[in-house]
Amino acid sequence: MTLDLELVGTTTQMAVVTLRPGQVVYAEAGKFLFSSGDVAMETKLSAPTDPNGPGGAAGGFSGLLRGAAAAGKRMLAGESFAFQHFSTSGGAGLLGLAGVLPGEMRHLELDGSTTWYAEKDAFVAAEAGVHFDIAFSGLGAGLMGGEGFILEKFTGRGSLLIAGAGDFIDLNPADFGGVVKVDTGCIVAWDDRISYGVERVGRLNRQGVMSAVLGGEGLTLATLRGDGRVILQSVTIDGFAKALAKNTARRDDSGPAGLGGLFSGSRD
């Protein structure tokens, strides 16, 4: 059953879900904003679709151990150890969810035949029919790309909510000759019709080093190939963190008298 939801806001979005009786939504801990009084919230180690979780087909102590192992895998992807489950047994309930950074969200509808991959920490919430797992981009791609080689993987049927930083743009590499080169930090998610790789920026000569060091992109870029959907973000988490550090580590009086704000970057 597709979730009845609305994405509210522009570049600081939240998802407002109208939860129907019988529907179960699970979210990463920390993504919950608000709910109406008839929405019940439980914290569990496993997603509703995980047969190895506590209460699943495996059941008992074995199920608990497997649920803990699955939670450990999620932590590798930057997610929380446990999920929060939301449901309502009365009438329709209201549920608010959001990412942790100023940015957009996307509502993806999985049809059971398409797999979606996302960068770590993109997951916000999903219906019970969506299975959360992790995948590996390959050690070489992970180390070269600088964003790690742990990806989030989503399969099954139902609504999926992901979030990122800044504004989003949806692209199909097939519309641009079949390949798009991207700063690794700009990638939010892509479907399984897209192949992901990492390549060196230019040659290892003087010009190549100049472009890598002074151009601000490092030595590598991600390459996305195929005929499918790619979601990119306008703000990289690394760039956002550096901007915050730059503007909070300095004081207005750090520069010459009367010019501290001008030289420190603070606008206060």
Side-chain angles (χ1 to χ4, degrees), residues 7 10-13 76-79 99-108 110 114-124 133-155 160-205 207-246:
L7 297 181
T10 53
T11 55
T12 309
Q13 288 189 320
L76 289 176
E79 300 293 347
V100 295
L101 293 173
E104 284 199 56
M105 299 181 69
R106 274 291 186 275
H107 170 204
L108 304 175
L110 275 65
T114 302
T115 298
W116 274 89
Y117 297 92
E119 292 291 343
K120 58 184 181 181
D121 206 32
F123 174 70
V124 175
D133 202 353
I134 68 169
F136 297 92
S137 63
L139 182 59
L143 294 177
M144 289 178 65
E147 301 298 321
F149 56 95
I150 304 295
L151 303 174
E152 298 177 345
K153 179 181 178 181
F154 303 97
T155 56
L160 167 67
L161 286 168
I162 58 174
D167 292 307
F168 282 3
I169 184 171
D170 291 68
L171 297 176
N172 184 346
D175 295 333
F176 304 94
V179 60
V180 176
K181 297 180 180 181
V182 187
D183 182 303
T184 54
C186 288
I187 302 173
V188 180
W190 65 94
D191 66 36
D192 57 6
R193 296 172 295 174
I194 299 296
S195 63
Y196 170 89
V198 175
E199 67 178 37
R200 183 183 298 117
V201 179
R203 298 181 178 180
L204 289 178
N205 54 22
Q207 182 57 49
V209 173
M210 288 281 287
S211 298
V213 176
L214 300 182
E217 303 303 329
L219 292 170
T220 59
L221 288 175
T223 55
L224 299 165
R225 292 181 168 86
D227 184 3
R229 185 177 173 188
V230 174
I231 302 173
L232 306 178
Q233 61 189 5
S234 63
V235 177
T236 69
I237 296 177
D238 181 63
F240 184 65
K242 288 179 179 177
L244 288 177
K246 178 180 178 181

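Since the model is a prediction, treat every value here as computed from it, not as a measurement.
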Asp192 side, atom CG; Thr114 side, atom OG1 - distance, nearest 0.5 Å: 5.5 Å
Atom pair NZ (Lys153) and CG (Leu151), whose distance is rounded to the nearest 0.5 Å: 10.5 Å
Side chain to side chain contact (heavy atoms under 4.5 Å, CB included) assessment of Asp133 paired with Glu152: CA-CA 6 Å; Asp133 202 353; Glu152 298 177 345; over 6 Å; no
What do the steps show when you test Thr184 against Leu221 for side chain to side chain contact (heavy atoms under 4.5 Å, CB included), and what is the final call? CA-CA 6 Å; Thr184 54; Leu221 288 175; over 6 Å; no
Looking at Ala165 and Leu101, what are the two nearest heavy atoms and their distance? CB-CD1, 4.2 Å
Between Phe123 and Phe154, does the ring centroid distance fall short of 6.0 Å? yes
Considering all heavy atoms of both residues, which atom of Val235 and which atom of Gly166 are nearest to each other, and what is their separation? CG2-CA, 3.8 Å
In the structure I gave you, are the side-chain heavy atoms of Tyr196 and Ile187 within less than 4.5 Å of one another anywhere? yes
What one should report as the nearest heavy-atom pair of Gly228 and Ile194 is N-CD1, 3.5 Å
Tell me whether Gln13 contacts the main-chain N or O of Met105 through its side chain, where contact means a donor paired with an acceptor under 3.5 Å. yes
Heavy-atom pair of closest approach, residues Leu108 and Arg229: CD2-NH1, 3.6 Å
Enter the distance from His107:NE2 to Ile162:CD1 here, rounded to the nearest 0.5 Å. 11.0 Å
Donor-acceptor pair, side chain of Ser234 and main chain of Asp167, under 3.5 angstrom: yes
Are any of the side-chain heavy atoms of Pro173 and Val230 separated by less than 4.5 Å? yes
Of all heavy-atom pairs linking Ala163 and Val124, the shortest is CB-CG2, 3.5 Å
Could you please spell out the steps behind the side chain to side chain contact (heavy atoms under 4.5 Å, CB included) verdict for Asp175 and Asp227? CA-CA 8 Å; Asp175 295 333; Asp227 184 3; over 6 Å; no
Within the distance-only criterion (no hydrogens, no angle test), does the side chain of Glu119 pair as donor or acceptor with the backbone N or O of Cys186 below 3.5 angstrom? no
CD1 of Ile231 to CZ of Phe168, rounded to nearest 0.5 Å, is 7.0 Å
To the nearest 0.5 Å, what is the distance between CH2 on Trp116 and CH2 on Trp190? 10.5 Å
Looking only at heavy atoms, which two atoms of Gln233 and Gly185 are closest? And how far apart? NE2-O, 2.9 Å
Passing option when Leu232 is tested against Val182, Asp183, Val188 for side chain to side chain contact (heavy atoms under 4.5 Å, CB included): Val182
